[in-house]
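One structure is given here, and the rest of the page talks about it.
Chain naming here is simple, since letters A, B, ... match the order of the sequence lines and numbering starts at 1 in each.
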Amino acid sequence: MSAAMTQASSQAMSHAATDKRCDVSVKDVEISFGRHVVLEKLSLDIAQSEFIVLLGPSGCGKSTLLNAISGLLDVNAGQIWIGGRNVTWEEPKDRGIAMVFQSYALYPRMSVRENMSFGLRVAGMPANEIQKRVADAATMLKITELLDRKPSQLSGGQRQRVAIGRALVRDAGVYLFDEPLSNLDAQLRAELRVEIKRLHQRLRATMIYVTHDQIEALTLADRIAVMKDRVIQQLDTPQKIYREPVNRFVASFVGSPAMNFMPGRVERGATGATFSLGDLSIPIQGYPFKSPGLTGAAVLGIRPEHVLSGAEAGPNAFNAQVEMAEPMGADTLVWCRTPSGASFSVRVDSGPSIAPGDTLPVSFPVGTLSLFEEGPDGRRL
Amino acid sequence: MLAIRPRLASRLAAWVALSPALAVLVVVYIGCTTWTIWISMTASRMLPSSNFVGLRQYEALFANERWTVSVSNLVIFGTMFMIASLALGFLLAVAIDQRVRAENLLRSIFLYPFSMSFVVTGLVWQWVLNPTFGIERIGKNLGFADFKFDWIVRQDMVIYCLVFAAVWHAAGLVMAIMLAGLRGIDEDIWKAARVDGLPTWRVYVSIVVPMMGASFATASVLMATSVVRLYDLSVAMTNGGPGIASEVPAKFVMDHLFERQNIGLATAAATSMLITVAAVVGPFLYWQSRRRAAAGAH
C-alpha cells in the first residue's frame with residue numbers, strides 16, 4: 001500500500017487525481033432516521049472530474065446525501081459506487097474521498113501543519129512524503145506562512161483554506177464540500193469561490209458541493225442538482241436550470257432577484273398562441289410547449305433581467321405603472337404593475353432615473369419566458 | 001450641579017447595597033484571617049492571649065507527629081483522589097457519550113453519590129469496608145475462608161479507603177462536567193476525524209482531551225477545594241484512626257481548636273494550610289492573568 005502511495009505521489013499532485021478513476025454513482029439510496037424517511041430511492045450519477053452542486057433549501061436532504069456518499073451516514077438500502085467500486089459498506093477513509101465542512105472542523109489544539117498531516121501520520125505514511133504533500137497543498141492554497149499557527153489565530157477565510165488543505169493532502173479522487181462558505185462574509189465567500197473553482201480546474205478531481213446559495217451553484221457547477229423535499233427536482237447545467245427551470249420551485253429558487261410569476265390563461269387565436277393577463281394579451285407564438293396545442297389556466301414566469309423595457313421593448317410593448325425603484329449599483333430593480341394589477345419587477349440600467357408614478361413601456365419576449373402549471377409547485381408547460 | 005446630584009445619589013445607593021457584602025469581606029475574611037495569623041504567633045492555649053512568641057507554635061507544629069502524618073495523608077489523598085476522580089469521571093463521560101440507550105438513567109445513577117454528604121458517604125463505606133460485616137464477610141460467606149479485605153483497619157492502607165470513598169462520591173460530578181464538555185465539541189470534528197481515518201481512541205487522546213481544558217480545569221478546582229477541606233469524611237469513616245493513620249490537617253485544626261484547647265497550635269496549623277494553598281493558587285492566578293493579557297494583546 002505504501003508503495004502505491006509513494007508511486008502516486010512521485011508525480012505532481014495535480015496529475016495524481018486524473019490517474020485514478022473517480023466517478024461516483026448513487027443507486028436507489030434510501031435513508032431514514034427511525035420512521036422519518038430522509039431520502040427515498042435516490043439515484044445520481046456523477047462523471048469523472050465533474051463539479052456537481054447539490055442545491056436546495058435547508059432540510060431538503062442535500063447534506064444527508066453528501067454524508068451518505070462520504071460514508072459518515074449508513075444507508076438503509078441502495079448502493080454507492082466510487083471509482084468503479086461498491087463502497088456502500090466501507091469506512092469513509094477507505095472510499096478515496098476527502099471532505100470539507102461548514103464549521104471548518106479543524107483540530108483546535110493543533111497547528112495548521114499538524115491539522116493537515118495528522119491523518120496521514122496516523123495512517124503510517126513516511127514523514128518526508130507527508131512533508132511534501134503538506135508543502136504542496138500549502139503552496140496551492142497560499143497558506144505556507146500560516147503553517148505554524150493555531151486555528152484560533154486565523155481568520156474564517158484562512159481557516160477554511162486550511163480545511164481545504166487538509167482535504168487536499170489526502171490526494172483523493174473525490175472531494176466533498178458541505179456548505180464550506182456559509183460561515184464566511186460575502187466578500188470572502190466570493191474570493192474562496194474563485195479559489196475552489198481554480199482548484200477544480202487544476203486538480204480535475206470529482207467534486208460534490210452542497211450549498212443553499214444559488215450564486216455558488218451557478219458559478220461553480222458543471223451540473224446542478226436542485227433538491228426539494230428529499231427529491232432531485234432538476235439535474236442539469238447551470239445555463240439550462242437558469243433558462244428552463246422544470247417547475248416553479250426551481251424557477252424561484254435559482255436566480256436573484258427572483259423570477260416574476262403572473263397567473264393568467266394560455267389561449268389560441270388567429271394570430272397564434274397568446275397569454276392573457278387580464279385585458280392584456282402577450283404573444284407567445286413559438287414557445288416550446290411540451291404538449292402542443294395546450295390551452296387554459298397557467299402561470300407566466302419571467303426573470304427581471306429578461307423583461308425588455310423602454311426603447312428596447314419593441315412593438316409588443318405595453319405600458320406598466322412604476323411603483324418603486326430599488327437602485328442596486330450597476331442596475332436598478334423597478335417594481336411595476338400591469339394594467340390588470342399584476343406586480344412584477346424589471347431590471348434596467350441605472351441611467352435615466354425612473355420615479356414612482358411614471359409609466360414604463362415593457363414587453364415579455366417569448367424566447368426567455370417560462371410557462372408553468374397553476375399552483376406553487378406547477379411544472380413547466 | 002443639578003446634573004451631578006442624581007449621579008451622586010445612585011453611587012450612594014450602590015455603596016449602600018454593597019455594604020453588607022463589603023462588611024462580611026472585611027470582618028469575616030480579612031479580619032478573621034488576620035486574627036488567626038496573629039494568634040498563631042502567641043502563646044495562646046485555651047484562651048487567646050497576646051503573649052507574642054514568634055514562630056514557636058510552628059516549631060511545635062512541625063515537630064508534632066500527628067500534624068506531619070496529617071500533611072502526608074493529605075498529599076497522598078489529594079494526588080490519588082484528583083487523578084482517580086478525573087480519570088474515572090472522564091471515562092464514565094466517554095462511555096455515556098457513545099449514545100447508550102439509558103443515558104438519562106445512567107447519568108442519574110452516576111451523579112447520585114454526589115447528592116450525599118461526606119458524612120453519609122463515610123458511614124456507608126465504613127460499613128461496607130468493615131471486616132466483620134462488610135465485603136470481607138461476604139467473601140467468607142461465599143466460601144472463600146481465607147478471603148481478607150481489612151484495609152480500613154490497617155494503618156498503612158486506611159488512607160486508600162478514604163480515597164476510594166471520595167472518588168465514589170465525586171466521580172459522578174466530574175462525569176457531568178466532562179459530559180457537558182464532550183457534548184460541546186462540534187459534531188463536524190468527529191466527522192473530519194472519521195474521514196481522516198483516525199481511530200476513536202486516538203481522536204479522544206489527541207483531539208478531544210486537549211479541547212477540554214476548561215472542563216478539566218473546572219473539575220480540578222472543585223476537586224482541589226474538597227481535598228483541602230477534607231474533614232467530615234475522615235471523621236465519619238475512621239475518626240482519624242486506626243491510631244492517627246487517617247488524620248488530615250482540617251481535622252487537626254478542629255480537634256485542637258475545640259477539643260484539646262490549644263488555640264495557638266490550631267491557628268498555626270490553619271495558617272500553614274492557608275500559606276500552602278496560597279503558594280499553589282497564587283502562581284496559577286498570576287500565570288492565568290499573564291496569559292489573558294497576552295491573549296488580549298493579540
If one checks every heavy atom of Asn67(A) against chain B at 4.5 Å, the contacting part turns out to be side chain
**Prompt:** Is Arg170(A) positioned over the aromatic face of Tyr175(A), cation under 6.0 angstrom from the ring centre and no more than 45 degrees off axis?
**Reply:** no
Under 4.5 Å to a heavy atom of chain B? For Met99(A) that would be both
Rounding to 0.5 Å, atoms CG (Leu176(A)) and OG (Ser63(A)) come to a distance of 11.5 Å
If one checks every heavy atom of Ser103(A) against chain B at 4.5 Å, the contacting part turns out to be both
On the 0 to 90° scale, with breaks at 30° and 60°, tag the Trp287(B)-Phe284(B) ring pair as parallel, tilted or perpendicular. tilted
Evaluate the ring planes of Phe51(A) and Tyr209(A), with Trp represented by its six-membered ring, and classify them as parallel (under 30°), tilted (30 to 60°) or perpendicular (over 60°).
tilted
Comparing Met110(A), Arg109(A), Arg166(A) against chain B, the one with the most heavy-atom pairs below 4.5 Å turns out to be Arg109(A)
When the 4.5 angstrom heavy-atom criterion is applied to Ala167(A) and chain B, the contacting part is neither
Looking only at Ile185(B), Val195(B), Val203(B), most heavy-atom pairs under 4.5 Å shared with chain A are made by Val195(B)
The interface call for Leu106(A) against chain B, heavy-atom contacts under 4.5 Å, is backbone
Would you say the ring centers of Tyr231(B) and Phe118(B) fall short of 6.0 Å from each other? no
Q. Should the pair Arg85(A) and Trp81(A) be classed as cation-pi, given the thresholds of under 6.0 Å to the six-membered ring centre and 45° from the axis?
A. no
